[in-house]
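One structure is given here, and the rest of the page talks about it.
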Amino acid sequence: MAQAVEEWYKQMPIITRSYLTAAIVTTIGCSLDIITPYDLYLNPKLVMKHYQVWRVITNFLYFRKMDLDFLFHMFFLARYCKLLEENSFRGRTADFFYMLLFGATVLTGIVLIGGMIPYVSESFARIIFLSNSLTFMMVYVWSKQNPYIHMSFLGLFTFTAAYLPWVLLGFSVLVGASAWVDLLGMIAGHAYYFLEDVYPRMTGYRKFYLCISLASCGM
């Protein structure tokens, strides 16, 4: 069993393996009180005024306490990050990294801007970790690039991959989880999908890398 897990881990592409490892190590470290989530969460004031810039990265690595929800998100991270890197981005490791960077930039920007808008700022202020949203972004992008694959949800009903994000969003609502986390991932995923796939087909001109360069500089 241990050998099979080790072999499965070694066969993962580099970015998927690195992100999964960082997420598991960070979450376990917090569970064992080796590190504290208070040093990891996204706090604009601490980033800007106290130069704690690591928070821009670490808030994407912590998946809360180790429970069923943690295992659920680790499964989706390992599965869809791996599928994207091995198929859609085969031989394009740098492009896959830029996709994650773009998603992280969009998500961070949405939370920071939303925190300044009256009436909704309180909701955005509660979003201090964006790891789940980034994972959901990968699910959304994969579903858009593989819309006709047939899937089953807990053996209860079947659907095509195009509806996977909406099925998972509905499930999150049913179990009482915040829909904001999934919706943010869908927004970031759709922004990437539009710039990378839809816009070039509409115009014949690819502007994605210009956009991501500008966004990354802004981040």
Q: Applying side-chain contact (heavy atoms from CB on, under 4.5 Å), run through D197 and K144 and close with a yes or a no.
A: CA-CA 10 Å; D197 296 319; K144 283 294 186 180; 6.0 Å; no
Under 3.5 Å, side chain of [X] to main-chain N/O of [Y], donor-acceptor pair present?
X: E85; Y: F96; result: no
X: T16; Y: M12; result: no
X: T27; Y: I24; result: no
X: R55; Y: L42; result: no
X: N59; Y: L40; result: no

Q: Assert yes or no for the condition that the ring centre distance of F76 to Y80 is strictly below 6.0 Å.
A: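 F76 vs Y80: aromatic centres under 6.0 Å.
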Q.
Quick check: F194 with Y192 (ring centres under 6.0 Å apart)?
A.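 For Y192 and F194, the ring centres are not under 6.0 Å apart.
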To the nearest 0.5 Å, what is the distance between [atom1] on [X] and [atom2] on [Y]?
X: I35; Y: T58; atom1: CD1; atom2: OG1; answer: 8.5 Å
X: I14; Y: T93; atom1: CD1; atom2: OG1; answer: 8.5 Å
X: L107; Y: F102; atom1: CG; atom2: CZ; answer: 9.5 Å
X: L84; Y: N146; atom1: CG; atom2: CG; answer: 8.0 Å
X: M137; Y: N132; atom1: CE; atom2: CG; answer: 15.0 Å
X: L101; Y: T105; atom1: CG; atom2: OG1; answer: 4.5 Å

Atom [atom1] of [X] with >12 non-hydrogen neighbours under 6.0 angstrom:
X: W54; atom1: CH2; value: yes
X: Y38; atom1: OH; value: no
X: Y163; atom1: OH; value: no

Would you say [X] and [Y] make side-chain contact, with heavy atoms under 4.5 Å?
X: W180; Y: R126; value: no
X: L130; Y: S133; value: yes
X: L46; Y: Y51; value: no

Same cluster or not: are [X] and [Y] linked, directly or through other Ile, Leu, Val, Met, Phe, Trp or Tyr residues, by side-chain heavy atoms under 4.5 angstrom apart?
X: F97; Y: F89; answer: yes
X: L174; Y: L169; answer: no
X: F171; Y: V181; answer: no
X: Y41; Y: V25; answer: no
X: I117; Y: V111; answer: yes

Over all heavy atoms of both residues, which pair between [X] and [Y] is shortest? Give the atoms and the distance, please.
X: L20; Y: A78; value: CD2-CB, 4.2 Å
X: F136; Y: P165; value: CZ-O, 3.3 Å
X: T36; Y: C30; value: C-SG, 4.2 Å
X: S143; Y: L164; value: CB-CB, 4.5 Å
X: F159; Y: S152; value: CE2-C, 4.0 Å
X: L77; Y: A23; value: CD2-CB, 4.3 Å

Q. Taking the inter-plane angle between the rings of Y62 and F129 on a 0 to 90° scale, is it parallel (under 30°), tilted (30 to 60°) or perpendicular (over 60°)?
A.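 Y62 vs F129 ring planes: perpendicular.
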Q: Just do the side-chain contact (heavy atoms from CB on, under 4.5 Å) check on L100 and M138 with the steps written out, would you?
A: CA-CA 8 Å; L100 296 181; M138 288 185 269; 3.8 Å; yes
Q | Short N-O contact, E86 and R90, less than 4.0 angstrom | A |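 So E86 does not pair with R90 through a salt bridge.
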Q: Apply side-chain contact (heavy atoms from CB on, under 4.5 Å) to the pair N43 and Q52, showing each step before the final yes or no.
A: CA-CA 9 Å; N43 185 316; Q52 297 182 9; over 6 Å; no
Q: Test D182 against V173 for side-chain contact (heavy atoms from CB on, under 4.5 Å), laying out the working first.
A: CA-CA 10 Å; D182 294 348; V173 173; over 6 Å; no
